[in-house]
Amino acid sequence: MSEATIAAISTPTGTGGISIVRMSGDKSKEIIDKIFSPLAGGPIDRKKDNRRMRYGNIVDGDEVIDEVMVSFMAGPATYTREDIVEINCHGSFISVKKILNLVLDSGAVLAEPGEFTKRAFLNGRIDLSQAEAVLDIINSTNDMSQAQGINQLRGSLKDEIEKIRQSLLEALSRLEYSINFTEDGEDLEPDEIIAYMDQAKYLIDKLLNTSNKGKIIKDGINTTIIGKPNVGKSSLLNALLKENRAIVTDIPGTTRDLISEYINLGSFTLKINDTAGIRDTEDIVEKIGVDKSIELSQSSDLIIAIFDASREFDHEDEKILDLIKDKNTIIILNKQDLSTKFDKSKFAMDLPIIEASMTENIGIDKLEETITDIFDTSEINRESILITNTRHERLLNSAREKLASSLNDIRIGIPLDAVEVDLRGSYDDLGLIIGQSVSDEIMDKVFKEFCVGK
């Protein structure tokens with residue numbers, strides 16, 4: 001256990017009904033005994049009051065700072081495996097700040113971002129993948145991403161990684177036996193070693209194949225709306241949001257800057273970007289917006305390309321067709337409430353086409369259904385193990401490459417001591433996912449993304 005007792009505000013900044021000041025460490029009870037005056041009974045008893053809430057006042061000498069409820073939780077059966085105290089006070093910025101300062105003056109130190117969860121990891125209550133799952137739960141934007149976070153917090157990914165490492169360990173132990181305990185020219189038959197390596201590679205591939213869906217569930221579908229000015233891009237954004245977020249006028253070039261919003265769509269989230277209308281322009285500011293639209297369209301998971309059905313196809317429409325070539329795209333023919341002049345035969349590519357009218361709210365339901373069909377997550381359930389973390393994906397790819405190299409070497413007869421190098425590297429890469437032999441640099445990078453107080 002760390003010698004320092006840490007403290008922080010664990011609730012969001014601002015005015016609310018309740019705020020929580022949390023402490024963790026050996027001095028937690030000593031500190032709360034100094035500043036807490038129960039309204040009934042004596043001081044907090046380590047056994048009798050464990051996991052019970054006590055009512056009273058936080059005091060600084062004779063001054064009452066706030067009326068509170070205090071809970072004491074004795075380690076090691078706590079989040080950090082240390083003694084924890086939580087002070088539930090009124091959600092006034094003044095009250096919570098005074099209580100935190102009093103706790104710090106009484107012997108605690110201010111916690112760093114994510115330090116409570118970091119202590120849970122360092123004290124062996126959770127592994128590194130579970131610690132990262134805590135952050136995923138905090139940042140979840142839809143039911144499925146929250147469920148994935150809970151699943152990984154319960155250890156599903158850790159269990160899978162340990163299963164793969166066990167296969168690699170079986171292969172490594174047989175390699176080392178062959179290298180160290182057999183006579184020259186009497187190496188073990190490689191078939192049994194290869195069988196364990198193949199099993200590990202199959203499981204790594206299986207995990208890596210989930211990374212695209214995992215990214216969609218965690219981060220959302222990066223979606224860009226493109227089209228000429230005045231075709232209905234901002235109207236579509238407003239229709240999806242069901243509010244007037246973007247300015248809609250008949251003046252071309254109204255949208256010059258990027259507008260991004262998140263929209264829940266069933267089990268996943270759309271990060272939807274409304275961009276400047278794509279056209280030839282001499283306006284420097286508008287041209288920057290057009291260039292940004294083109295740039296975003298190239299990096300998006302999904303493009304929604306809107307065309308005005310009441311106008312004839314022109315060279316600017318042709319430019320948009322060039323942008324969406326070989327891209328994941330849904331085409332919307334807007335303004336169906338007006339007389340149609342647009343030639344649909346221009347769309348030679350096999351893409352979903354939705355006839356719509358933003359003013360009449362026609363086609364929005366069909367658009368949502370089409371997006372759901374394209375990014376089908378129906379086979380994913382709450383128990384599925386998905387790779388949602390970029391760090392995990394990179395380490396799995398590294399482990400796979402080293403394992404594939406060692407498999408190739410052993411099959412073509414490379415000496416076994418050379419095969420062992422990449423095989424052990426693969427084993428170590430998987431260990432980094434769950435925090436085996438993890439460096440301080442990696443830990444700092446993981447936990448700095450947390451808020452203070454978690």
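Both backbone and side-chain heavy atoms feed into the values below; hydrogens, waters and symmetry mates do not. The residues of the chain are indexed from 1 along the displayed sequence.
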Using a 4.5 Å cut-off on heavy atoms from C-beta on, say whether the side chain of [Y] contacts that of [X].
| X | Y | answer |
| --- | --- | --- |
| I65 | V59 | no |
| M23 | E86 | no |
| R394 | N397 | no |
| V134 | Q130 | no |
| L395 | L430 | no |
| Q152 | I385 | no |
| M197 | L403 | yes |
| I226 | I303 | yes |

Atom of [X], atom of [Y] and distance for their closest heavy-atom approach:
| X | Y | result |
| --- | --- | --- |
| K402 | S426 | CD-N, 3.9 Å |
| L432 | L128 | O-CD2, 4.0 Å |
| A305 | I320 | CB-CG2, 4.3 Å |
| S145 | I217 | CB-O, 3.2 Å |
| L236 | I304 | CD2-CG2, 3.8 Å |
| A171 | L423 | CB-CD2, 4.0 Å |

Residues V85, R22; criterion side chain to side chain contact (heavy atoms under 4.5 Å, CB included); working and verdict = CA-CA 6 Å; V85 169; R22 173 189 279 177; over 6 Å; no

With rounding to the nearest 0.5 angstrom, report the [atom1] to [atom2] distance, [X] to [Y].
| X | Y | atom1 | atom2 | answer |
| --- | --- | --- | --- | --- |
| T141 | K271 | OG1 | NZ | 12.0 Å |
| D301 | I374 | CG | CD1 | 11.5 Å |
| I94 | C89 | CD1 | SG | 12.0 Å |
| F116 | R119 | CZ | CZ | 8.0 Å |
| I225 | I330 | CD1 | CD1 | 11.0 Å |
| K218 | I387 | NZ | CD1 | 11.0 Å |

Quiz question: by atom type and distance under 3.5 Å, do the side chains of [X] and [Y] form a donor-acceptor pair?
| X | Y | result |
| --- | --- | --- |
| N222 | N273 | yes |
| E67 | Y55 | yes |
| N238 | S235 | no |
| E170 | Q166 | yes |
| S28 | T5 | no |

Would you say [X]'s side chain and [Y]'s backbone share a donor-acceptor pair under 3.5 angstrom?
| X | Y | result |
| --- | --- | --- |
| Q436 | G431 | no |
| S156 | N151 | yes |
| S140 | N142 | no |
| T329 | K327 | yes |
| S173 | L169 | yes |
| N88 | I20 | no |
| E115 | E112 | yes |
| T223 | I221 | yes |
| Q148 | S384 | yes |

Mark yes when over 12 heavy atoms from residues, nucleotides or ligands other than L110 sit less than 6.0 Å from its CG; otherwise mark no.
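More than 12 heavy atoms, drawn from other residues, nucleotides or ligands, come within 6.0 Å of this atom.
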
Are there over 12 heavy-atom neighbours, none belonging to K98, within less than 6.0 Å of that residue's NZ?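 Atom NZ in K98 is not packed in, count stays at 12 or less.
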
query = Which pairs count as side-chain hydrogen bond (donor to acceptor under 3.5 Å, both in side chains) when at least one residue sits in residues 68-80, sequence neighbours excluded?
reply =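 Listed once each, the pairs are S24-T80, Y79-T117.
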
Could you tell me whether [X] and [Y] have a side-chain N and a carboxylate O separated by less than 4.0 Å?
| X | Y | result |
| --- | --- | --- |
| R424 | D428 | no |
| R165 | E162 | no |
| E132 | R391 | yes |
| R411 | D198 | yes |
| D205 | R400 | yes |
| R52 | D49 | yes |

### Task
Tell me whether the guanidinium CZ or amine NZ of R46 lies under 6.0 angstrom from the six-membered ring centre of F72 and within 45° of its axis.
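That pair does not qualify as a cation-pi contact.
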
Partners passing ring-ring contact (aromatic ring centres under 6.0 Å, His included) against F447 (at least two apart in sequence or in another chain) =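 Here the qualifying residues are F450.
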
Does L135 form a side chain to side chain contact (heavy atoms under 4.5 Å, CB included) with E449? I'd like the steps, not just the answer.
CA-CA 8 Å; L135 187 61; E449 296 182 37; 3.7 Å; yes

How far apart are the C-alpha atoms of M73 and D83, what are their side-chain angles, what is the distance that settles it, and do they pass the side chain to side chain contact (heavy atoms under 4.5 Å, CB included) test?
-> CA-CA 6 Å; M73 293 160 274; D83 287 354; over 6 Å; no

Next on the checklist: Would L207 and E160 count as a side chain to side chain contact (heavy atoms under 4.5 Å, CB included) here? Give the steps.
Outcome noted: CA-CA 9 Å; L207 277 179; E160 192 67 15; 4.0 Å; yes

For residues 31-38, which side-chain donor-acceptor pairs fall under 3.5 Å, sequence neighbours excluded?
residue, atom, partner, partner atom, Å
D33, OD2, K29, NZ, 2.7
K34, NZ, S106, O, 3.2

